[in-house]
Amino acid sequence: MEKYSPHEIEKKWQQKWADEKIYKTEMNPERKKYYVLEMFPYPSGNLHMGHVRNYSIGDVLARYKTMEGFNVLHPMGFDAFGMPAENAAIKHGVKPSDWTYSNIDNMKRQQREMGLSYDWDREVETCRPEYYRWTQWMFELFYRRGLAYKKKASVNWCDTCGTVLANEQVIDGKCWRCDSDVRKKDLSQWFLKITDYADELLKDLDLLKGWPDRVKTMQENWIGRSEGAEFSFDVPDFQEKIPVYTTCPHTVFGVTYVVLAVEHPLVEKLIQGRENEAEIRAFMDETRNMSELERTSADSEKKGMFTGAYAVNPFNGKRVPIWITNYVLYEYGTGAVMGVPTHDERDWMFAAKYGLEKILVVNNPEGTLSLDTMDNAYVDPGVLVNSGAFTGMDSEKAKGAIIQWIVDHNIGQRKVNYRLRDWLISRQRYWGAPIPVVYCPHCGEVLVPEEQLPVKLPENVKFEQGSVSPLAQCSDFVNCTCPKCGGPAKRETDTMDTFICSSWYYMRYTDPDNATMPFAKDKVNYWAPVNQYIGGIEHAILHLLYSRFFTKVLRDAGLVGFDEPFTNLLTQGMVIKDGSKMSKSKGNVISPEEIIAHYGADTARLFILFAAPPERDLEWSDQGVEGAFRFLNRVWRIVGQFAATVKNAPDVYDVKALTKEEKELRRVLHVTIKKVTEDIRDRFMFNTAISSIMELVNAFYVFQDKPEINAGLLREVTLDLIKILAPFAPHITEELWSDIAGQGSVHQQQWPAYDPAAMVQDEVEIVLQINGKVRGKLVIDAALDREAMEQAALEHPRVRELVAGKGIVKVIAVPKKLVNIVVK
RNA sequence: GCGGCUGUGGCGAAAUGGCAGACGCGCUAGCUUCAGGAGCUAGUGAUGGCAACAUCAUGGUGGUUCGAAUCCACUCAGCCGCACCA
């Protein structure tokens with residue numbers, strides 16, 4: 001028998017699969033579809049182990065579902081716009097497009113070497129004009145629906161990347177990509193109105209039964225819905241009003257001051273001409289210059305200054321001082337807050353620091369609180385005190401009553417607020433989809449007409465370190481004619497956040513070559529939503545939230561007929577080595593290419609699926625890889641040993657004629673088929689699926705020196721073994737299949753069914769317990785009922801010995817499992 | 001502070017109310033081989049014992065139960081997310 005040589009086999013089959021296009025998929029409304037998708041990669045140039053894990057998981061599902069009879073869509077593509085291509089241009093003088101396409105070529109080669117079942121005819125690359133034309137079309141769709149707008153705002157700016165960032169892309173005050181500090185900058189930028197969908201994005205999390213709770217919680221936190229009231233304090237000296245937002249309207253009688261964010265437009269008016277104006281301005285500048293992290297950290301010291309002005313509480317006419325502070329955010333609510341030191345921890349600290357008045361307005365249910373004994377704010381429910389007509393009311397009820405009072409007196413209304421902000425999508429970069437807008441001195445902001453899309457990226461641009469966006473310097477690009485009046489105009493020179501490109505790519509896969517639409521309705525509605533999406537947890541908010549938003553907008557525009565893009569989500573764990581994430585700086589990187597070159601793709605895939613369940617972090621082990629390789633060799637040898645017999649063996653045979661040992665092998669086979677089926681289909685527990693296949697192979701080895709084994713059984717075991725191993729190790733199984741079965745691909749076979757009759761055991765070993773402790777074992781007829789089991793247990797010599805002289809309180813018998821005798 | 005996840009042999013892990021540690025790695029022994037870091041077979045949680053066997057053991061403490069890694073309460077440790085959002 002020939003040795004198992006993965007390289008020859010893998011190369012041969014990869015070629016054949018590609019030539020014969022066995023993974024090509026067509027829409028077929030007659031058939032049930034299944035859409036399995038792995039998050040497409042950024043083309044950095046090389047696959048890493050995280051990719052290998054991601055694609056291995058997806059490939060098992062795709063192959064399994066195909067064998068189950070589904071019409072499976074399993075595509076791949078590249079999230080090809082982004083900064084690194086531009087950095088390469090600056091550093092090495094290569095064109096971003098050349099750099100990107102050569103990286104894509106290399107990664108595609110590596111993906112092919114993994115033996116993944118992609119329909120490559122559906123590949124999508126977001127940097128191709130054929131694709132970004134539709135990204136720009138999407139922008140225009142949003143614009144026309146009033147969901148894209150330009151405004152001047154204080155935005156997150158990363159100096160290293162030379163561009164702005166969305167809120168979701170700032171992690172702990174640092175840039176998500178390069179980890180450098182983010183600072184605020186006032187710029188006029190494009191936004192998508194994701195806040196219009198805040199409530200639905202929150203509510204529809206309930207529809208996502210197949211998503212991990214963790215991800216849903218993160219999105220829920222991010223959206224940050226809160227309910228309360230918005231109403232105004234009068235500032236009679238200036239004939240102004242200060243609207244405030246509060247989630248605790250029941251504490252209004254405890255207000256002793258009002259605070260404004262330093263950016264609040266009213267501040268200017270209030271402080272003008274004050275004797276300490278210069279001092280106040282210095283404080284404002286200081287606050288404005290704080291980093292995002294300092295400014296929003298809960299531990300930062302709360303500082304403020306009195307403006308010298310007063311506001312009037314509409315509930316009791318009380319005059320309270322107006323302060324400015326570093327702890328109120330201008331972007332949230334109204335940028336102004338009512339200060340209630342007794343019932344808000346921050347206000348307590350602030351009041352304590354500056355000696356502001358405190359009034360108790362909510363007492364605890366026992367009524368034992370008093371200002372003299374309190375040492376921090378009381379924030380729990382209770383009973384209102386010192387609250388005029390509302391005194392004595394339960395605090396929860398008072399919320400509603402006070403809101404009603406606000407509405408009745410026409411000073412405000414019930415209000416829901418979100419932490420979520422609109423999505424800032426402008427990027428001052430070259431390598432992205434240009435925003436298809438023209439600025440005309442006469443017509444203003446004008447969309448590039450649909451038929452003129454795409455607005456193509458110019459090729460003749462210069463890349464220099466630290467300079468402004470290359471597009472802004474490219475006069476051929478900037479200067480254009482106004483589509484409306486035909487006069488001279490200038491193009492928008494910012495490109496779109498690459499997260500826009502990835503917010504709809506999974507829909508493009510359903511109709512990738514469409515030149516007249518982003519995708520045809522019948523195709524997208526046949527294939528989408530994605531049944532199973534697989535990727536890293538790092539996109540819990542970013543990509544996954546944006547894609548949900550896009551889906552809802554496209555639905556409202558009538559382009560798609562579903563509410564959510566990804567029905568089920570699997571978040572895979574990281575691949576780690578020596579306890580920490582693989583990284584160049586730690587020198588613990590294992591290259592997939594080397595592993596595949598050494599052991600073959602089947603071994604790499606098998607190991608990575610076997611070493612841990614998909615959601616958990618996976619510790620890389622070189623010895624574990626050896627073990628996977630050894631297992632495939634074992635399969636190769638045992639199948640090879642019997643190959644000749646199996647080829648000539650009958651498909652049908654008399655099961656009753658099997659020996660006891662043969663029957664046991666057949667039982668293990670069917671138990672394994674059931675286990676593997678359920679582990680893949682219901683639990684994604686590929687590790688236990690593989691371990692049960694290993695057990696089957698171990699059981700098979702009992703017959704290695706027994707050529708007299710029933711040929712029919714031998715054929716059944718061998719063929720089914722190859723089939724159930726096929727999703728995990730596609731090449732070796734294809735080779736064995738072609739050798740034995742002779743025709744067709746194993747990957748197009750039907751998944752084996754298990755026969756419950758074959759799984760029945762005549763005899764089972766049960767455990768005998770006395771007071772819950774194992775005291776013996778007994779092999780009995782599996783069909784025995786409870787009484788018979790009890791009987792058998794009580795006759796067991798050791799049990800008799802231990803029970804002798806004691807009173808039996810109770811006997812519990814569980815068929816096929818155990819008998820527990822409770823004695824005293 | 002709020003929310004979530006994870007704690008099981010020397011290691012990766014199984015077991016979701018019924019024999020804790022399946023399967024794999026590592027280790028030990030035997031067989032096989034000219035030899036092997038190849039292959040096959042067997043053993044392998046700890047402690048005590050010649051042994052049968054017993055006791056202990058799933059981060060900790062309590063509880064529910066005939067029976068708990070599994071359910072409940074509290075608690076410790078590690079990781080992750082959000083965090084001055086009024």
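Order of the sequence lines fixes the chain letters, A, B, ..., with proteins taken first and strands second; residue numbering starts at 1 for each chain. No hydrogens, no waters, no symmetry mates; every other heavy atom, side chains included, goes into these values.
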So A:Lys777, base contact, sugar-phosphate only, or nothing? Heavy-atom distance under 4.0 Å. base
Applying a 4.0 Å non-hydrogen cut-off, can you work out what A:Val340 is touching in the nucleic acid: base, sugar-phosphate, or nothing? nothing
Syn or anti: how is B:rG39 classified when any glycosidic angle within 90° of 0 counts as syn? anti
Just to be sure I understand the rule, does A:Val767 reach a base, reach only the sugar-phosphate, or reach nothing, if contact means heavy atoms closer than 4.0 Å? base
Determine the contact category for A:Asn417: base if any of its heavy atoms lies under 4.0 Å from a base atom, sugar-phosphate if only primed atoms, P, OP1 or OP2 are that close, otherwise nothing. nothing
Before we go on, tell me: are the rings of A:Phe253 and A:Phe315 under 6.0 Å apart, centre to centre? yes
Look at all strands and tell whether A:Asp213 reaches a base, only sugar-phosphate, or nothing, counting heavy atoms closer than 4.0 Å. nothing
Which whole number of Å gives the distance between the C1' atom of B:rU58 and that of B:rU8? 4 Å
Would you please confirm or rule out a distance under 4.0 Å between OP1 or OP2 of B:rA54 and any side-chain N or O of A:Arg798? yes
Have a look at A:Arg225 and say if it touches a base, only the backbone sugar-phosphate, or nothing, with a 4.0 Å heavy-atom cut-off. nothing
Tell me what A:Gly627 touches on the nucleic acid: a base, only sugar-phosphate, or nothing, going by heavy atoms under 4.0 Å. sugar-phosphate
Could you tell me whether A:Phe728 and A:Phe607 have their ring centroids closer than 6.0 angstrom? no
Phosphate-side-chain proximity, A:Tyr327 and B:rA86, N/O vs OP1/OP2 below 4.0 Å: no
Please report, rounded to the nearest Å, how far the C1' atom of B:rU65 is from the CG atom of A:Leu818. 14 Å
Are A:Arg634 and A:Tyr701 in a cation-pi setup, meaning NZ or CZ lies under 6.0 angstrom from the ring centre and within 45 degrees of the ring axis? yes
Which listed nucleotide (B:rG3, B:rU55, B:rG18) is nearest to the side chain of A:Thr217? B:rG3
Base, sugar-phosphate, or nothing: which does A:Met685 touch, judged by heavy atoms less than 4.0 Å apart? sugar-phosphate
Among B:rA14, B:rC66, B:rA86, which nucleotide has an atom closest to any side-chain atom of A:Lys810? B:rC66
Which part of the nucleic acid, if any, lies within reach of A:Pro613 when heavy atoms closer than 4.0 Å are counted: base, sugar-phosphate only, or nothing? sugar-phosphate
Please give, in whole Å, the distance from B:rA83 P to A:Lys302 NZ? 15 Å
Any chance the rings of A:Phe283 and A:Trp323 have centres within less than 6.0 Å? no
When the ring centroid of A:Trp423 is compared with that of A:Tyr546, is the distance short of 6.0 Å? yes
Classify A:Arg214 by what it touches in the nucleic acid, base, sugar-phosphate, or nothing, heavy-atom distance under 4.0 Å. sugar-phosphate
Contact nearer the 5' end of RNA chain B, comparing A:Met338 with A:Val814: A:Val814
CG of A:Asp679 versus P of B:rA14: gap in Å, rounded? 10 Å
Pairwise C1' distance, B:rG45 and B:rA69 [rounded to whole Å]: 15 Å
Selected nucleotide, minimal atom distance to A:Val774 side chain, candidates B:rA20, B:rA15, B:rG12: B:rA20
I'd like to know if A:Asn221 reaches the base of B:rC82 with its side chain such that a donor and an acceptor end up less than 3.5 angstrom apart. no
Which nucleotide in the list B:rA86, B:rC84, B:rG24 gets nearest to the side chain of A:Asn326? B:rC84
Give the B/S/- string for nucleotides 32-51 of chain B, one per nucleotide from 5' to 3', where a protein heavy atom under 4.0 Å of the base yields B, of only the sugar-phosphate yields S, and otherwise -. -------SSS----------
Under-4.0 Å side-chain N/O to phosphate OP1/OP2 contact, A:Thr325 with B:rC84: no
A:Gln623 has its side chain closest, among B:rC25, B:rA86, B:rC82, to B:rC25
So what does A:Thr247 touch, heavy atoms closer than 4.0 Å: a base, only the sugar-phosphate, or nothing? sugar-phosphate
Could you state the CH2-C1' distance from A:Trp222 to B:rA83, rounded to the nearest angstrom? 11 Å
Report yes or no: is the cationic atom of A:Lys706 (NZ for Lys, CZ for Arg) closer than 6.0 Å to the six-membered ring centre of A:Phe703, at no more than 45° off its axis? yes
Base, sugar-phosphate, or nothing: which does A:Glu765 touch, judged by heavy atoms less than 4.0 Å apart? base
What integer distance in Å separates A:Lys773:NZ from B:rG18:C1'? 15 Å
